[in-house]
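Ligands are counted one by one from 1 in listed order, and the atoms in each one are counted from 1 as well. Quick caveat, the model's predicted, so the values are computed rather than measured.
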Amino acid sequence: MRKKLIAVLMTACMALSFAACGSKSTGGENSDKKQITVGFSQVGAESDWRTANSKSMKETFSEANGYKLIFDDAQQKQENQISAIRNFIQQEVDYIVLAPVTESGWDTVLKEAKDAKIPVIIVDRMVKVSDDSLYTAWVGSNFELEGKKACAWLDAYLKANKKDTSEINIVDIQGTIGASAQIGRTNGLEAAVKEHSNWNLLAKESGEFTQAKGQEVMESMIKQYGKKINVVYCENDNEAFGAIDALTTAGYKVGKDGDVIVMSFDSTNAGLTDVTSGKVILDTECNPLHGPRVKEIIDKLQAKQSVDKQQYVDEEIFAADDTVKSVTVDGKEYKVTATTKDVISKRAY
Ligand code: GYE
């Protein structure tokens, strides 16, 4: 009888421990670890880049990998991001991941996260805070370097085409004002304009990183400057798509032997497809696949290891042809890839 009771108790215990196991852990690579809850405040869905970025985060922080991801799309509004973060704090998530729309305005809410002892990882664009301990780590691109690489390419391209003494009129369709990606890319261009007495920056205006606004801004720039424009510097691929639509509708020939050349950033599949046709003359890469990079930071924090405060991603340069083989920025040489369908097919976004 006693033996039987022990056996029953043991079975009950095993059942209970299985149940406990079921509620706390999931299958996949973290199978016997506790599920980690990550609250991710995403900027929005303004561009192809952003779509690829969201996909990378969702694929990485999946249930099968041992995570519960609370994904919040802020529709490009900082106030939405601030309330998402407050929500994550209330839900006592294990980590907060923030892709900030602009750099400033985060001190108060990040202090709230710090007081709640929730580590904050910043991804993609940066935050400008008075106290760096308000976030644990940042991973993303060197946007100013991207701008400098693009301008070094333009300089070399104009030289190769013997146009380096002509007047070059440039318009800048900027990203969301105050976003690191805008600040860096605009700064890169403005520094290069200062260095070239024959480069004129005719106008700069935000296209909000969207195709629709990019098109609208291009239309108004065409009205104002017409055929004076030689170079359209778009701060992302979607703005470039909109600008190209506006230019072709207005009867401009876009490309190498046309009226105007269009430069872009991101190097998404669609962007690079326009590079192969020459509609986009240069696409400077900005890599959106941050999911595994953020995961690596979280893995280290889980293992109580130290993490780099700031981590830049390596990025490439894609041109419509091989006129310029490489560019040198701040003493470092970067290879330029002449874009083909084959090059695109090997890329994931
Ligand atoms: O270039 C653009 C997106 O912050 C790097 O945001 C990101 C930028 C990217 O909307 O396409």
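- Residues meeting the salt bridge (Lys or Arg N to Asp or Glu O under 4.0 Å) test with Arg50, sequence neighbours left out: Glu46, Asp124.
- Under a cutoff of 6.0 Å and an axis angle of 45°, Lys309 and Tyr135 form a cation-pi pair.
- For the residue pair Trp49 and Thr268, the shortest heavy atom distance occurs at N-CG2, 3.9 Å.
- Counting only residues at least two apart or on different chains, the side chain to side chain donor-acceptor pair (under 3.5 Å) pairs with a member in residues 248-262 are Lys256-Asp321.
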(message) Is there a salt bridge (Lys or Arg N to Asp or Glu O under 4.0 Å) between Asp94 and Lys34? Walk through the geometry before answering.
(response) CA-CA 11 Å; Asp94 298 307; Lys34 183 184 157 287; 3.6 Å; yes

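- Taking a heavy-atom cut-off of under 4.0 Å, ligand 1 is surrounded by Glu46, Ser47, Trp49, Arg50, Asp124, Arg125, Phe143, Ala181, Arg185, Phe209, Asn236, Asp266, Cys286.
- Taking the side chain to side chain contact (heavy atoms under 4.5 Å, CB included) definition, one finds that Gln211 meets it with Asn238, Phe241, Asp245, sequence neighbours left out.
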